[in-house]
Amino acid sequence: ILTKAHVKIKLMHLVLDLHTHSGYAGGAGEKNLTRAANAAHLKGINILGTGDCLFPKWIKELKTVLTEKEPGLLALKKCSNPTRFLLQTELIFSLPQNQNPKRKQVWHAVFLFPSFKQIVETKKLFNKWKVQNTIGRPFIKCSTKQELEEKIWAILDTNHYTEIILAHILTNNGFFGYKSQNNHLENTFGKKLSKRINLIETGLSADPEMLDLIPELQDKVWVSFSDSHSDKLFRIGRELTVVETSRLTYNAIIKALRQGEIIETIEFNPKEGRYYLTGHRDDKQHHQKGENCCFLPQDTPLNRRCPVCGKPLTIGVLERALELSQIQKPANKRV
């Protein structure tokens, strides 16, 4: 009788970039799947996210150009390129802020789908919710936390292997970004959904060392992807995640991610990310005066306003990570 101890399972390493966008998401222009696949192959990427798989015009393109090769994985038709595609999109959620209900917190999440069937089911939900879907990334408005939970669960319930990843967690458009005013997962998602959400994307301006400062993220699985809005070689694969799995299927990849079978993440230098430090991305007054507005956490003005133009500063991910490490510290015995 053979037991698991006697059976030698051959494992493979797969290089993943599961957060990309089509040209319909803005900032990309026209995106070509063949060029994207070629760029991915040159960088050694095995699985590439399709981006914007819920956008009608892009769905039509995906169905025209791609065909299923392995369960849940797609490849270019009549092409020898070994790159596989996985159905993926980014969704934008909005919710009134706790401290100021008149203001909205807005943050992004990546969703992965095992087949076009789940795309159809999710689009039915969007029609029911009257979701805006005009620029590639659907915008899901929620008036209460309960409504937010119900909508996320409804998407996840389209299939056991439909997956959610909190995107670029510390940027202003990330769940823990400064503008969102979210300081704890459970306060927004509730206990059950907070436990279900296990995958956290570092983002270009952050890295695992920064995420490790935040107690609530220490038990989560950290992943890194490019968030590419282009099919250019230098955009695709700026960040990557390498997983270990025994099968080349969508379900096996999701299992590996959920179980934290991460060999490594390949990180963009966070210091080169536009949100790394506190300051302004662009400001005409600064350029005219030749002033530079960029601060390390210990040097940020106490009022968090720019000393040149007086505008509120964009709080960088480094400062936000340090802030959250203190906010969450009393509730976590390990810190």
Side-chain angles (χ1 to χ4, degrees), residues 12-53 58 62 65-66 69-70 72-76 79-90 108 110-112 136-137 163 165-169 171 174 199-211 221-245 248 250 253-254 256-257 261-276 317:
M12 68 180 82
H13 291 178
L14 296 177
V15 182
L16 315 177
D17 184 1
L18 302 183
H19 183 180
T20 74
H21 292 277
S22 72
Y24 297 105
E30 183 182 357
K31 181 177 178 180
N32 181 280
L33 284 171
T34 300
R35 290 198 299 265
N38 290 338
H41 182 51
L42 286 172
K43 284 196 168 180
I45 298 169
N46 304 114
I47 315 293
L48 189 65
T50 60
D52 306 338
C53 68
W58 191 236
L62 296 177
V65 177
L66 301 176
K69 282 292 185 180
E70 295 84 20
L73 300 178
L74 310 169
L76 292 168
C79 181
S80 60
N81 189 306
T83 303
R84 297 294 185 258
F85 288 90
L86 183 153
L87 292 169
Q88 163 266 320
T89 192
E90 185 175 57
H108 298 186
V110 172
F111 279 77
L112 313 177
R137 286 176 287 183
E163 190 56 49
I165 305 169
L166 294 186
H168 37 76
I169 188 74
T171 67
L199 301 181
I200 307 296
E201 184 186 43
T202 59
L204 300 180
S205 299
D207 59 17
E209 290 185 5
M210 273 185 265
L211 266 58
V221 176
W222 305 334
V223 294
S224 298
F225 304 124
S226 71
D227 195 1
S228 173
H229 287 242
S230 167
D231 54 28
K232 303 296 184 183
L233 182 64
F234 71 97
R235 297 291 187 192
I236 289 176
R238 292 178 292 186
E239 293 203 325
L240 298 167
T241 298
V242 184
V243 300
E244 186 173 67
T245 180
L248 183 61
Y250 172 93
I253 291 169
I254 298 302
L257 289 171
E261 302 293 341
I262 309 294
I263 302 301
E264 64 175 329
T265 59
I266 299 169
E267 302 289 330
F268 187 82
N269 185 347
K271 293 181 181 179
E272 296 183 19
R274 64 173 62 176
Y275 299 109
Y276 178 68
V317 300

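What you are looking at is a predicted structure, and each value in this text was computed from that prediction instead of being measured.
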- Task: Can you spot which of Ile47, Thr20, Val65, Thr50 makes a side chain to side chain contact (heavy atoms under 4.5 Å, CB included) with Phe85?
- Result: Thr50
- Item | Any side-chain heavy-atom pair of Thr202 and Pro208 under 4.5 Å | yes
- Query: Can you check whether Asp52 reaches Arg137 side chain to side chain, under 4.5 Å on heavy atoms?
  - Reply: yes
- Taking all non-hydrogen atoms of both residues into account, name the closest pair between Arg235 and Ser228 and its distance. CB-OG, 3.4 Å
- On a heavy-atom basis, the closest approach of Leu48 and Ala40 is CD2-CB, 4.2 Å
- Show your reasoning for whether side chain to side chain contact (heavy atoms under 4.5 Å, CB included) applies to Ile253 and Leu73. CA-CA 10 Å; Ile253 291 169; Leu73 300 178; 4.1 Å; yes
- Stepwise side chain to side chain contact (heavy atoms under 4.5 Å, CB included) test for Leu211 and Ile169: CA-CA 9 Å; Leu211 266 58; Ile169 188 74; 3.9 Å; yes
- Task: Report yes or no: do Glu90 and His168 form a side-chain donor-acceptor pair below 3.5 Å?
- Result: yes
- Asp227 side chain reached by His21 side chain, heavy atoms, under 4.5 Å: yes
- Item | Trace of the side chain to side chain contact (heavy atoms under 4.5 Å, CB included) decision for Leu18 with Leu257 | CA-CA 11 Å; Leu18 302 183; Leu257 289 171; 4.1 Å; yes
- Note on the structure: Smallest heavy-atom separation, Ala36 atom then Lys31 atom, equals CB-CE, 4.1 Å
- Item | Contact summary for Val242 and Val15, nearest pair of heavy atoms | CG2-CG2, 4.2 Å
- Query: How long is the span from the NE2 atom in His19 to the OG1 atom in Thr89, to the nearest 0.5 Å?
  - Reply: 8.5 Å
- Distance from His13 atom NE2 to Thr245 atom OG1, nearest 0.5 Å? 10.0 Å
- Task: Write down the atom of Asp17, the atom of Gly237, and the distance for their closest heavy-atom approach.
- Result: OD2-N, 3.0 Å
- Item | Asp207 side chain vs Met210 backbone, donor-acceptor pair below 3.5 Å | yes
- Query: Just by distance, do the side chain of Arg238 and the backbone of Ser226 share a donor-acceptor pair under 3.5 Å?
  - Reply: yes
- Query: Quick one: CG on Leu62 to CG on Leu87, what's the gap to the nearest 0.5 Å?
  - Reply: 6.5 Å
- Query: Could you give the distance from NE2 (His41) to CG (Asn81), rounded to the nearest 0.5 Å?
  - Reply: 6.0 Å
- Closest contact, heavy atoms only, Ser205 versus Pro270: O-CB, 3.3 Å
- Item | Residue pair Glu239 / Glu201, side-chain heavy-atom distance below 4.5 Å | no
- Candidate pair Gln88 and Val110, rule side chain to side chain contact (heavy atoms under 4.5 Å, CB included), full reasoning: CA-CA 7 Å; Gln88 163 266 320; Val110 172; 3.8 Å; yes
- Query: Does the Trp58 side chain pair with the main chain of Gly51, one donor and one acceptor, at a distance under 3.5 Å?
  - Reply: yes
- Query: Are the side chain of Lys43 and the backbone of Leu233 linked by a donor-acceptor contact shorter than 3.5 Å?
  - Reply: yes
- Query: Is the side chain of Asp231 donor-acceptor paired with the backbone N or O of Arg35 at a distance under 3.5 Å, no angle test?
  - Reply: no
- Item | Distance, nearest 0.5 Å, that separates OG1 of Thr83 from CG of Leu76 | 7.5 Å
- Task: Might you confirm whether atom CD of Glu209 has over 12 heavy atoms from other residues, nucleotides or ligands at distances under 6.0 Å?
- Result: no
- Message: Please report the interatomic distance CG(Leu14) to CD(Glu244), rounded to the nearest 0.5 Å.
- Response: 10.0 Å
- Message: Strictly distance-based, threshold 3.5 Å: is any side-chain N or O of Tyr276 a donor or acceptor partner for the main-chain N or O of Asn269?
- Response: no
- Distance-only, no hydrogens or angles: does the Thr265 side chain make a donor-acceptor pair with backbone N or O of Glu267 under 3.5 Å? no
